[in-house]
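So the structure is just underneath, and the comments pick up after that.
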Amino acid sequence: MARPPHYHSSIINLLTVKQQLLKRSRGGFNPFDQSRHFTPDQQQQQQDHFTDTARQVCEIIRTRPRWEQTILSQFPSQTLFDPTFVDQIINHQTNPLLSLRFLTWIRTHQSLDQYPNSCHAFFDRLVQSNASKAAHSLLRSLPPQFAPKFQSLESLIQSLSRDGRVEETLDVFSKLNSIGATPSVSVFNSALIGAIRVQRSDLFWGLYREMIECGLIGDAETAGYLIRAFCRDGKVDEAYELLRQVLDSGVVVTDSVAFAKLVSGFCKLRNYDRVSEILHVMIAKNCAPNVFTYQEIIHGLCRNGMGSEGFRVFGDLKRRGYAPDLVMYTTMIDGLCKMGRIGDARKLWFELIRDGFAPNEYTYNVFIDGNFKHGNVGEAKRLYEEMCGREWFRLSVLNCNTMVSGFCLNGRMDEACEMFEGMLEKGMEPDVITYNTMIQGFCKVGKTVEAVNMYGKLIEKGLRPSPATYTPMIQALCDNGDVKEAIGLWNDMQCRGVEPLVCTHEYIINGLCKQGNAGAGMEWMVSMLQNKLRPLRKTFDGLIECLASKGLLDDALLALHYMFGMGYVLGKPALNSLLGQLCKDDSFRASERLEGILDGN
DNA sequence: CTAGGGTTAG
């Protein structure tokens, strides 16, 4: 005999049934014909009966912090674990977290297999309300045989992807797989774009492989995402190759973001012929270059030391009636500042205001930075004050770093410190860039003690030092003849796993030579060479001169040998010093060996 | 609901 799907006997159920039967029998209805069936009306009444208790339970789980510990003593377990009752709770409960908690609690006592309707209802509701995280964790915590609706799973993938939880979509894809369903191309597309947004190439390609394994063929949208992914991975040529293939196959790509990324990528490679070709393709495919495309071109040119070209493109656009937007203005102002054309940058600053734009945080930042870099400290400070006075403005670490860097660059360490202290007072956390900038600033004005103190604070804060933390300190200490402390920092650097720059080795060699410690200098040189690093010619020069002056002719000749091996020639002062020593030193054999080395090269 | 672009050290 058929039973309603969630009917389970319990005391309350039995009572209800009895009441129903009594009611019906009074009306001359023969209950036994359908004794275990409920008409919709009966089901409604049964649910009505539950409503009171359900409401109470809902109230308790909403308001009592640790209801799990007491609820079984307040209500009969037959009620609480009755699937119909559970359905009630799930349907009444509007807070999904509480519903989830209730199901979790049920699960500690019963198998959730008994509650398919509750599970489906709750899952679908979470999906519909875009509660992707909760829906996903529910899916994970439910028994493997729980098979949600195909559409719900597809929707879940889409909302997870939108929320940047791309990794979590993998579970959902495998769930779909396990129920023998193939997601649509557009669902794959949403996951693919999600992976691009969170910059996870690994996930992107994993998803794409999955898509291929499902036997699906990507559409034009997929092609655009593939091009973007290749570009993001720096594989611009492969992106271009794909574009060609797709176009040849007759699929029309109109993803202007993909085109913009290609343009940007070829700008980076300085392949401007290709850039121009892509622009032609875009026009031919009815996907004319837009403000984003041109933005990538101008930015790409500026970033590659072709700012003048960028400025020319910018001018052409305006002449052709294209109105640059604020981002484009900002990019161009930054580009002009970085190529030393502060005057042109200032003109653009006024031009954008004339065009009705208001400089935003980015615009202020690049222009403040540009003014500092050109020594216009007063103007930079004025702009900073102006920016701080804007109602939209909220000071960020980056703004402060720009100020700190500007003051340091201009040797204004008092003002840099003031800015730095101001950050601390405002409760902002200076980052490694702030500290590195301060360290470099102190070193530049010879305040190495203060620089090392700053370094101590950086470590104290638990920030991770970078090569740029150590380089200026080691350089300054070596210049000041304090090589011992420099080597101390070097060791510290090694302990923290920070890879020194090539020049840092050289600072130490130069410092040692300056102190007349030629032997140690030679040891450092040997270790550099063992690490396959290429010292500058003048480092060899200095070391050889120092070795010679200390009478360490064997080492000097060995260094010379290495130097020639790298294709360098010895500078005149070092050569004179070496020859002088060889003659003075009555060491005939040494001069013979020098000849040997010279002949050998 | 409707993308994607710009800033600080080295």
Side-chain angles (χ1 to χ4, degrees), chain A residues 130 158-159 162 189-190 193-194 196-197 221 224-225 227-228 231-232 254-264 267 287 289-300 302-303 310 314 324-338 345 348 352 357 359-373 380 383-384 387 395-409 416 419-420 423 428 430-444 454 458 463 465-475 498-504:
Chain A
N130 283 321
Q158 285 167 328
S159 73
R162 261 199 307 273
N189 281 343
S190 64
I193 184 65
I196 289 176
R197 284 211 195 92
E221 198 181 326
Y225 298 157
I227 291 170
R228 294 197 212 180
C231 289
R232 170 156 279 288
T254 54
D255 184 342
S256 57
V257 179
F259 281 118
K261 299 292 173 198
L262 274 168
V263 162
S264 162
C267 280
C287 178
N290 60 14
V291 65
F292 294 102
T293 326
Y294 291 121
Q295 164 68 23
E296 293 285 7
I297 292 172
I298 293 168
H299 188 217
C302 290
R303 204 175 29 197
F314 181 79
D325 67 4
L326 187 57
V327 174
M328 203 178 263
Y329 269 116
T330 305
T331 307
M332 203 60 250
I333 289 173
D334 189 39
L336 287 167
C337 288
K338 292 204 162 86
L348 281 195
L352 76 86
F357 293 106
N360 66 9
E361 188 187 325
Y362 287 93
T363 325
Y364 270 109
N365 243 307
V366 301
F367 199 42
I368 289 171
D369 188 59
N371 274 287
F372 270 127
K373 297 233 155 87
L383 285 162
Y384 174 73
M387 173 174 75
L395 194 60
S396 73
V397 172
L398 196 144
N399 303 138
C400 296
N401 286 351
T402 303
M403 294 306 289
V404 168
S405 146
F407 286 131
C408 288
L409 190 75
M419 198 71 214
F420 183 85
M423 288 175 80
M428 300 171 76
D431 61 11
V432 70
I433 295 180
T434 325
Y435 283 97
N436 288 358
T437 311
M438 289 293 288
I439 289 170
Q440 192 191 30
F442 278 130
C443 289
K444 224 178 70 167
M454 265 290 158
L458 177 154
L463 290 168
S466 68
T469 312
Y470 295 94
T471 313
M473 289 190 291
I474 290 176
Q475 180 178 25
V498 181
E499 192 59 38
L501 302 179
V502 177
C503 65
T504 313

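Below, chains carry the letters A, B, ... as their sequence lines are ordered, and counting in each starts from 1.
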**Prompt:** Given atom CE of A/M328 and atom P of B/dG5, what is their separation to the nearest angstrom?
**Reply:** 14 Å

**Request:** Measure from the side-chain N and O atoms of A/K261 to the backbone N and O of A/I227, and report whether any donor-acceptor pair falls under 3.5 Å.
**Result:** no

**Message:** Regarding B/dG5, can its base be found pairing with the side chain of A/D325 as donor and acceptor, where the two atoms are less than 3.5 Å apart?
**Reply:** yes

**Prompt:** Side chains of A/D369 and A/T402: donor-acceptor distance under 3.5 Å anywhere?
**Reply:** no

**Prompt:** Rounded to the Å, how far apart are A/H299 NE2 and B/dT7 C1'?
**Reply:** 9 Å

**Asked** Checking all strands, does A/N290 fall into the base, sugar-phosphate, or nothing category for heavy-atom contacts under 4.0 angstrom?
**Response** base

**Request:** Using whole Å, report how far CG of A/D431 lies from C1' of B/dT7.
**Result:** 13 Å

**Asked** Within the structure shown, what part of the strands sits under 4.0 Å from A/R228 by heavy-atom distance: base, sugar-phosphate, or nothing?
**Response** nothing

**Prompt:** Which whole-number value in Å describes the distance from A/D334 CG to B/dG5 C1'?
**Reply:** 13 Å

**Message:** From CG of A/L501 over to C1' of B/dA9, roughly how many Å is that when rounded to an integer?
**Reply:** 12 Å

**Message:** Can you tell me which nucleotide in B/dG5, B/dT7, B/dT8 comes closest to the side chain of A/V366?
**Reply:** B/dT7

**Request:** Ignoring the backbone of A/I433, work out which of B/dA9, B/dG5, B/dT7 is nearest its side chain.
**Result:** B/dA9

**Message:** If you only use heavy atoms from C-beta on, which nucleotide in B/dA3, B/dG5, B/dA9 is closest to the side chain of A/F292?
**Reply:** B/dG5

**Message:** What is the separation between atom OH on A/Y329 and atom P on B/dG6, rounded to the nearest whole Å?
**Reply:** 19 Å

**Whole-Å distance separating the CD1 atom of A/I193 from the C1' atom of B/dA3** = 7 Å

**Request:** From the options B/dT8, B/dA9, B/dA3, select the nucleotide whose nearest atom is closest to the side chain of A/V257.
**Result:** B/dA3

**Request:** Measure distances between side-chain N and O atoms of A/T330 and base N and O atoms of B/dG6, and say whether any donor-acceptor pair falls under 3.5 Å.
**Result:** yes

**Asked** Roughly, in whole Å, what's the span from CG in A/N365 to C1' in B/dA9?
**Response** 14 Å

**Pi stacking test for A/Y362 and B/dG6: under 5.5 Å apart, planes under 30°** = yes

**Message:** Do A/S405 and A/T437 pair up side chain to side chain, a donor and an acceptor below 3.5 Å, judged on atom types alone?
**Reply:** no

**Asked** Are A/N290 and A/T293 close enough that a side-chain donor and a side-chain acceptor fall under 3.5 Å?
**Response** yes

**Request:** Answer with base, sugar-phosphate or nothing: what part of the nucleic acid does A/N436 contact at a heavy-atom distance below 4.0 Å?
**Result:** base

**Request:** Report which part of the nucleic acid A/V432 touches: base, sugar-phosphate, or nothing (heavy-atom distance under 4.0 Å, all strands).
**Result:** nothing

**Message:** Students often get this wrong, so: under 4.0 angstrom with heavy atoms, is A/T363 touching a base, only sugar-phosphate, or nothing?
**Reply:** base

**Message:** Counting only side-chain heavy atoms from C-beta out, which of B/dA9, B/dG6, B/dT7 sits nearest to A/L326?
**Reply:** B/dG6

**Prompt:** Of all the choices, B/dT7, B/dA3, B/dG5, which nucleotide is nearest to the side chain of A/E296 once you look at every atom?
**Reply:** B/dG5

**Fill in**
Heavy-atom closest pair (A/L383 atom, A/F367 atom, distance to 0.1 Å) is CD1-CD2, 3.5 Å

**Prompt:** Which residues satisfy the salt bridge (Lys or Arg N to Asp or Glu O under 4.0 Å) test with A/D255, sequence neighbours excluded?
**Reply:** A/R228

**Message:** Whether A/K261 contacts B/dA3 is assessed here as follows: a side-chain N or O lying under 4.0 Å from the phosphate OP1 or OP2. Is that the case?
**Reply:** no

**Message:** Let's see if you can work this out: which of B/dA9, B/dG6, B/dT7 has an atom nearest to the side-chain heavy atoms of A/L398?
**Reply:** B/dT7

**OP1 or OP2 of B/dA9 under 4.0 Å from side-chain N/O of A/K444** = no

